[in-house]
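The chains referred to below are lettered A, B, ... by the order of the sequence lines, with proteins before strands, and numbering in each begins at 1.
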Number of protein chains: 2
Amino acid sequence: MSAVLEAPKGKGEATRERILEIAEAAVLAKGFGATSIEEVIAEAGLTKSGFFYHFKDKNALAREMVRRYVATNDRLFDEIFGRGQQLSDDPLQAFLISLKLLAETMADLPNGHPGCLIASICYQERLFDREIRDLTAQSVRDWNARFRTILDGIAAVYPPREPVDLDDVADMLSCIVDGAIIMSKTLNDPGRLERQIMLFRSLVKLMFAPN
Amino acid sequence: MSAVLEAPKGKGEATRERILEIAEAAVLAKGFGATSIEEVIAEAGLTKSGFFYHFKDKNALAREMVRRYVATNDRLFDEIFGRGQQLSDDPLQAFLISLKLLAETMADLPNGHPGCLIASICYQERLFDREIRDLTAQSVRDWNARFRTILDGIAAVYPPREPVDLDDVADMLSCIVDGAIIMSKTLNDPGRLERQIMLFRSLVKLMFAPN
DNA sequence: TCCAAAACTGCACTCATGGTACGGTTTCTC
DNA sequence: GAGAAACCGTACCATGAGTGCAGTTTTGGA
């Protein structure tokens with residue numbers, strides 16, 4: 001999660017990062033529209049002028065937030081699904097390992113998953129310009145494509161028993177994660193996210209594993 | 001969806017309903033925090049004084065919106081899952097029929113699903129008082145319990161092949177619907193919701209149906 | 001038909017926030 | 001030590017939530 005060993009950047013870069021982190025937490029808790037710049041700068045310890053030095057307006061903040069969120073998520077997926085492939089040559093086993101890793105990662109979050117920024121933005125679409133909406137859409141497409149590629153590899157070895165559409169199965173993982181985050185938050189029960197991922201894992205086994 | 005043959009209410013009740021409908025659409029598109037009372041009353045064709053005659057403050061509006069949303073959803077589920085039970089005495093068949101009906105209902109929405117109010121609120125929790133959060137949590141618990149009851153009936157006849165936790169499977173339906181709504185909205189592809197429900201249906205078959 | 005309650009309108013405020021503009025000041029870096 | 005980067009202070013405007021209250025229209029029932 002935290003940026004380690006990044007190239008040494010200027011002091012301004014650190015401030016930007018701090019603003020983005022605070023803003024993201026606020027947006028996930030109250031929504032973008034209800035997140036005031038004033039409270040962000042108060043927590044970041046700088047003035048309004050300082051904020052507008054870094055971000056042209058609120059929309060520029062949103063753009064950078066999304067970029068940051070997508071990049072972080074991409075790195076996490078690279079790591080988790082890469083690790084799975086390292087640990088098993090069998091595509092199905094590799095995926096099952098990765099799903100277990102994903103579930104554990106989610107379970108290890110101290111206060112539960114803070115929320116999906118893409119979902120948050122989706123429920124406030126009117127507030128964002130086209131560039132941001134394109135960014136979120138493309139990231140979802142990329143994630144779905146990633147899962148689809150993995151499933152193709154599995155299906156080549158283990159023909160699925162029920163005739164399921166692999167595109168839909170790929171979509172399903174994102175759907176379940178997003179839906180389970182919402183349920184976890186709504187019920188104030190962080191554990192549900194982990195359980196849903198593990199259930200999806202069971203269903204993958206059911207779909208592909210030979211009897 | 002539309003209220004037919006309701007008891008004839010006062011004119012005020014109709015105005016309230018109109019406000020709630022407009023407000024719900026606005027909240028699902030921009031979030032509660034970014035929905036201004038001014039725009040709601042502009043669309044509803046009344047003054048600010050008129051609005052505050054009906055709702056004490058914005059939070060009272062939110063409370064009634066949630067109540068309305070939950071009640072509408074409950075009625076829809078009653079109808080869909082009741083209809084399934086009418087059409088088949090076999091609990092598994094009845095559930096599969098209901099899921100197909102649910103998928104069709106979602107597919108029939110003219111501009112795709114407008115969004116889940118509970119999900120919208122979940123991503124703006126800080127804006128709402130405890131009563132509203134309790135309302136959303138309880139409705140999710142009720143829906144999960146409803147599905148769990150159905151699954152119990154199925155499992156009593158068809159023992160599941162893989163050892164899956166029925167509570168988790170019950171949760172999964174809500175998760176998938178909520179997640180698929182987000183994906184549909186983000187990708188601007190309404191069809192994905194229907195497909196995810198149908199995939200869930202396939203997986204229910206896989207879990208319970210004998211070979 | 002009339003009357004009281006319900007359903008509003010109009011206006012005049014307060015306060016918080018997003019956002020703009022701009023000049024000045026500190027702090028780093030070469 | 002100079003110049004650029006990273007800020008601070010202040011003043012200002014528009015919008016929107018919310019309050020208060022007096023006045024007006026509409027409606028349903030005796």
What's the [atom1]-[atom2] distance between [X] and [N], to the nearest Å?
X	N	atom1	atom2	result
Glu13(B)	dG28(D)	CD	P	13 Å
Leu61(B)	dA17(D)	CG	P	11 Å
Phe51(B)	dA7(C)	CZ	P	15 Å
Phe55(B)	dA17(D)	CZ	C1'	16 Å
Arg18(A)	dC7(D)	CZ	C1'	12 Å
Lys58(B)	dT15(D)	NZ	P	17 Å

Anything under 3.5 Å between a protein N or O and an N or O of nucleotides 20-27 of chain C, put it in a table, one pair a line.
none

Look at the side chain of [X] and the backbone N and O of [Y], then say whether any donor-acceptor pair between them is shorter than 3.5 Å.
X	Y	value
Gln196(B)	Val177(B)	no
Arg126(A)	Lys30(B)	no
Ser174(B)	Ala170(B)	no

Subject >> NZ or CZ of Arg16(B) within 45° of Phe55(B) ring axis and under 6.0 Å >> reply: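 Yes - Arg16(B) lies over the ring of Phe55(B), closer than 6.0 Å to its centre and within 45° of its axis.
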
Is the phosphate of [N] approached by [X] (side-chain N or O, under 4.0 Å from OP1 or OP2)?
X	N	result
Thr15(A)	dC7(D)	yes
His54(B)	dA7(C)	no
Tyr53(B)	dC8(C)	no

Original post:
Does the distance from a Lys or Arg side-chain N to an Asp or Glu carboxylate O, for Glu64(B) and Arg68(B), drop under 4.0 Å?
Top reply: no

**OP:** Verify whether the ring centers belonging to Phe147(A) and Phe81(A) lie closer than 6.0 Å.
**Re:** yes

Subject >> salt bridge (charged side-chain N to carboxylate O under 4.0 Å, His left out) pairs, two or more places apart, involving residues 47-57 of chain B >> reply: Glu38(B)-Lys48(B)

Original post:
Going by heavy atoms closer than 4.0 Å, what residues in residues 19-46 of chain B are next to DNA chain D?
Top reply: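 Contacts with DNA chain D under 4.0 Å: Thr35(B), Ser36(B), Ile37(B), Glu38(B).
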
Subject >> Heavy-atom side-chain proximity of Lys100(A) to Leu96(A) below 4.5 angstrom >> reply: no

**OP:** Please state whether the rings of Phe128(A) and Phe32(A) are parallel, tilted or perpendicular, taking 30° and 60° as the class boundaries.
**Re:**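 Aromatic pair Phe128(A)/Phe32(A) classed tilted.
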
